[in-house]
Amino acid sequence: MNKVNPLIVSDQLARRQWLSRLFKHFCTGVTFLAVAILGVLIFQVSVAGFGWLDWQFLTSFPSRFPERAGIYSALVGTLWLVTLTASLAIPIGVLAAIYLEEYAPKNRFTAFIEVNIANLAGVPSIVYGILGLAVFVRFMGLERSVLAGAMTMSLLVMPVIIIAAKEAIRAVPSSLRQAAFAVGATRWQVVRHHVLPSAIPGILTGVILALSRAIGETAPLIMIGALTYVAFVPEGPLDEFTALPIQIFNWTARPQETFHELAAGGIIVLLAILLLMNATAVYIRYRGSKR
Amino acid sequence: MTAAVGSRPVKGSTSPLSSAQTRFGEGLLEKLFFFCALLSVLTTVSVIGILAFETYNFFQKVPMLDFLTGTRWTPLLEPKHYGILPLISGTVLIVLGAALVALPVGVASAVYLSEYASERTRNIIKPVLEILAGIPTVVYGFFALTFVTPLLSTIFPSISVFNAASGSIVVGIMVLPMVASLCDDALRSVPDALRQGAYSLGATSFEVSTRIVIPAGLSGIFASFVLAISRAIGETMAVTLAAGATPNLTMNPLESIQTMTAYIVQVSLGDTPSGTITYETLFAVAAVLFASTFVLNLGGTWIMRRYQEVYE
Amino acid sequence: MTEYNSILKADALTIAYAGAPAVRAVTLPIYEKKITAIIGPSGCGKSTLLRSFNRMNDFVADVSHEGQIRYRDQDLYAPEVDPVEVRLRIGMVFQKANPFPKSIFRNVAWGPEINGMDGDINLRVETALRQAALWDEVSSRLDDSALNLSGGQQQRLCIARALAMEPEVILMDEPCSALDPVSTAHIEDLLFELKEKFTIVIVTHNMQQAARVSDFTAFMEMGHLVEYGETDQVFTRPTETRTEEYVTGRFG
């Protein structure tokens, strides 16, 4: 290397800098391509389905005749499903998280439960469907009821809720707990009056994300046999039901173009619901972080 | 306040310290909470128990060796064959294609996010990736069927309506956010001091990224690959809709195939009574599916936990 | 002082982060094959000034410069100057040892390799390790991970890594602040040998160290250069009262 050279870019360095710029442009381009795919997907769905979105579409039952078909039973079914799932999975999930963070002794069994929960979060949703089919539908004889669906979904989203709630609880500073213990509070009083209130925004965010997963899942519901022609809405937890993603699957699987457009209409409604829920989660997180 | 405290005698100050028996409710609550946590273990035990039980029944009728090494899968047609290899090859084909899409793109996006993007751009891209990750898989199936397949057929006119290529592309898109986000975490956990050390030796950003940052975050990147592959194996709706229902021992992505998950869906679309051999195939196939994802998930989290220790 | 040859020169240099100046109108020459120490209380801008000499400040968002840094007769911040080229010639050792998670050998060989330097790489690594007084301790285990070395050894490895590039100037940002006294003495001895071949700029908050090792000393406070001169003069006959107060330990 000749040291008295002035600082000019040598050929070799120019080549390296060129490669470096190319790499940067590649990484940038690829990332924005992923963003663009989301745009294409939404555009594609909107173009196909927007024409079908009207009051009649939302209030009609499915039909063999596309112009009379709607998603009423699917919407009501999804509402039933989500309500039941929420009332099962949220209490159990949050209480499990409280146990693991606040009560559990630091031993190997607790560690085993934690690893087990992390692994459950990665089990394919269709395996939960198999479990639901064998235990709830057949063994417990719940048949194709919305309750069987909700119990299956609860098992599916429980790890998500537990993991999110654990994180939220762990984020509560331990000085708060010590302060409460120091004035003679019992463990439950500490949790009930201090830990939970501080952890609520984080828990809620996790709960909303878990429930949006339950709204979008299809495979487990197909497993428990929810894919039938349902021209009525469930009136109790033991009634048969259909759900929005099931209806979308049903229409997409048909060869006729018109049914694909109906599916697109259903997708718009589904994505709108999910977007609303996500926006709520983001809002809660934002408010939580401001406090 | 002081007056109120003073006016009320503090019970414990003179009486002996009471035993924990007065806290009876506390112990009960703890037991309830423990049971809730135990439910997760119960879930795993039930999954494994049920899969093992029904698979055992299945192996009473079909020898295990035939199941694992047979090259024809026709349980719904005569003559019936129960060789799972076509379903496995279908799954592998989807996973390979998805990996081809998601792994390079995921790593490149992670490099962009951690090494190049401004804080503002990050704050836009990360939520977009989260949205991509939150889109239901049935929507991706619709996208594959109505957009990706027509697009592919203009390039490959010979392509089947249902084909592995279309399915694997959308599965790739589906797992991409997970790869990108986990790799981003891995790259960002590489201390800045290493980057500065490399830059001070006259390295370009390409050299710093590919020769210092990526190698230092390699185990995290590898863990994300393992977890993404596990996710792709378990993916169901998109491949059911786009890749077909033809158990096919092929590695040609333009042909129609069937994955393990798609077979399970196909059977459950009909009504299958308990105790029949068709019912039991569901569990045998699900057992293979569960075992492979279980091993990959365990491996992935193990790798992840190891790399987290390196810089702490 | 004019008999010395200045290789780097800050000229009315002001550096600001997000508009807040950290270095204010500093003019400071760096003489070739001498050790220049920059001292001052924490937050006085000494590290910022040091990092501007090889454009490491480029990585800080929202940083702005006024004035010039001249390297021989060129402006380091001129648009046609490639910062990579600058760092090839002006190396750096950081406050905390930051070896790459690679073998000892690869740590030293990495810089010359990516920059396509010719010659025997083994010889280059050995020379650098000898110059950094580390060779005897590591020659038998060059393929071990650098992360297995002790803190003092890691810092000397980082010095060797910079030396392997055969830079003209080595910038050291409080290189001993994380080290024990024995390792510190090791590195100070090393500096004396290194100045035969290299120009060294060292930032330190340890005044004894500055007095022991440097030929010239610059004292900075709140972004201003308060005093600059030969180390002897700065420590024994400072012209500014602020300097006197600082070097005698009455404040800071």
Side-chain angles (χ1 to χ4, degrees), chain A residues 16-17 19-20 23-24 26-28 30-31 34-35 37-38 41 44 48 92 95-96 98-100 103 113 116-120 122-127 130-131 134-135 138 155 158-159 162 186-188 212 216 218-219 222-223 225 227 245 248-249 252-253 260 263-264 267 270-271 274 278, chain B residues 23 26 29-30 32-34 36-37 39-41 43-44 46-47 50 105 108-109 111-113 116 125 128-129 131-132 134-139 141-143 145-147 173 176 204-207 209 227 230 234 236-237 241 261 264-265 268-269 274 282-283 286 289-290 293-294 297-298 301:
Chain A
R16 284 165 56 206
Q17 289 287 35
L19 191 65
S20 191
F23 178 69
K24 179 182 175 177
F26 170 75
C27 292
T28 314
V30 149
T31 309
V35 175
I37 288 174
L38 180 64
L41 192 150
Q44 171 81 6
I92 299 178
L95 293 184
I98 290 175
Y99 175 76
L100 290 171
Y103 288 85
I113 296 182
N116 176 58
I117 289 169
N119 267 300
L120 277 179
V123 170
S125 61
I126 197 161
V127 173
I130 293 257
L131 182 68
V135 176
R138 298 281 158 92
L155 293 184
M158 200 102 74
I162 297 178
T186 64
R187 193 168 280 281
W188 169 242
S212 31
T218 320
I222 291 180
M223 290 305 304
L227 185 76
I248 293 167
F249 171 74
T252 307
H260 288 176
I267 289 173
L270 180 64
L271 290 185
L274 293 178
N278 273 289
Chain B
R23 308 274 188 235
E26 287 278 320
L29 279 175
E30 182 171 344
L32 172 72
F33 299 165
F34 173 71
C36 289
L39 202 64
S40 69
V41 178
T43 307
T44 308
S46 321
V47 167
I50 286 161
V105 175
S109 305
V111 169
Y112 171 73
L113 286 172
Y116 293 115
I125 305 267
V128 169
L129 288 178
I131 293 177
L132 267 178
I135 289 180
T137 69
V138 69
V139 177
F142 174 86
F143 186 62
L145 212 55
T146 63
F147 182 78
I173 296 172
L176 166 67
T204 64
S205 67
F206 170 67
E207 289 150 0
S209 301
L227 295 176
S230 160
T236 309
M237 296 321 295
L241 281 167
T261 51
I264 297 174
V265 168
S268 28
L269 289 178
S274 310
L282 282 183
F283 294 85
L289 180 71
F290 177 77
T293 55
F294 190 76
N297 289 342
L298 271 182
T301 40

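Protein chains get the first letters and strands the later ones, always in sequence-line order, with residue 1 at the start of each.
When each of A:I98, A:L100, A:L19 is scored by its heavy-atom pairs under 4.5 Å with chain B, the top score falls to A:L19. Contacts with chain B were tallied for A:G216, A:A96, A:P124, A:S20; A:S20 has the most, counting heavy-atom pairs under 4.5 Å.
Residues B:E30 and A:Y99 are in side-chain contact: their nearest non-hydrogen atoms beyond the backbone lie under 4.5 Å apart. Considering only heavy atoms from C-beta on, A:T252 comes within 4.5 Å of B:L145 through its side chain. Within the 4.5 Å cutoff, no side-chain heavy atoms of A:V123 are placed close to those of B:T293. Here the side chains of A:F23 and B:S205 are not in contact, with every heavy-atom distance at 4.5 Å or above. When side chains are defined from C-beta on, B:I131 does not count as touching A:N278, because their heavy atoms never get closer than 4.5 Å.
Residues B:A108 and A:T31 share a closest heavy-atom pair of O-OG1, 4.3 Å. Shortest non-hydrogen contact noted between B:S230 and A:G122 is OG-O, 4.3 Å. Among all heavy-atom pairs drawn from B:L282 and A:I130, the shortest one is O-CD1, 3.8 Å. For the residue pair B:Y112 and A:C27, the shortest heavy atom distance occurs at CB-O, 3.7 Å. A:L274 and B:G134 get closest at one heavy-atom pair: CD1-O, 4.1 Å. B:S40 and A:I117 get closest at one heavy-atom pair: OG-CG1, 3.5 Å.
Proximity to chain A is absent for every atom of B:L227, based on heavy atoms less than 4.5 angstrom apart. Only the side chain of B:I50 comes within contact range of chain A, with heavy atoms under 4.5 Å apart. Only the side chain of B:Y116 comes within less than 4.5 Å of a heavy atom in chain A; its backbone stays farther off. Contacts of A:L271 with chain B are made by side-chain atoms alone, with heavy-atom separations under 4.5 Å and no backbone atom involved. Contacts of B:F143 with chain A are made by side-chain atoms alone, with heavy-atom separations under 4.5 Å and no backbone atom involved. Looking at B:L298, both its backbone and its side chain come within 4.5 Å of chain A, counting heavy atoms on both sides. For A:V127, the part lying near chain B is the side chain, with the backbone staying farther off; criterion is any non-hydrogen pair under 4.5 Å. Looking at B:S46, both its backbone and its side chain come within 4.5 Å of chain A, counting heavy atoms on both sides. Contacts of A:N119 with chain B are made by both backbone and side-chain atoms, with heavy-atom separations under 4.5 Å. With a 4.5 angstrom heavy-atom cutoff, B:I264 touches chain A via backbone and side-chain atoms both. Heavy-atom distances place no part of A:S212 under 4.5 Å from chain B, backbone and side chain included. At a 4.5 Å heavy-atom cutoff, the contact between A:I267 and chain B is made by side-chain atoms alone.
For A:Q17 (side chain) and B:T204 (main-chain N/O), no donor-acceptor pair under 3.5 Å exists by modelled atom type. Side chain of A:Q44 to main chain of B:T146: a donor-acceptor pair is present (N/O by atom type, distance under 3.5 Å, no hydrogens or angles). Without hydrogens or angle criteria, B:S268 side chain to A:M223 main chain gives no donor-acceptor distance under 3.5 Å. Looking at A:N116, its side chain never comes within 3.5 Å of a backbone N or O of B:T44 through a donor-acceptor pair.
Taken from CZ in A:F249 to CG in B:L269, the straight-line distance is 5.0 Å, to the nearest 0.5 Å. Rounded to the nearest 0.5 Å, atoms CG (A:L155) and OG1 (B:T43) are 4.5 Å apart. Taken to the nearest 0.5 Å, the CD1 atom of B:I135 stands 5.0 Å off from the CG atom of A:L41. Note: B:F142 CZ to A:L270 CG = 12.0 Å, rounded to the nearest 0.5 Å. Atom CD1 of A:I126 sits about 8.0 Å away from atom CE of B:M237, to the nearest 0.5 Å. The distance from the CG atom of B:L132 to the CD1 atom of A:I37 is 7.5 Å, given to the nearest 0.5 Å.
Using a cutoff of 4.0 Å between basic side-chain nitrogens and carboxylate oxygens, B:E26 and A:R187 are not scored as salt-bridged.
Relative ring orientation between B:F33 and A:W188 is described as tilted, the plane-to-plane angle lying within the 30° to 60° band.
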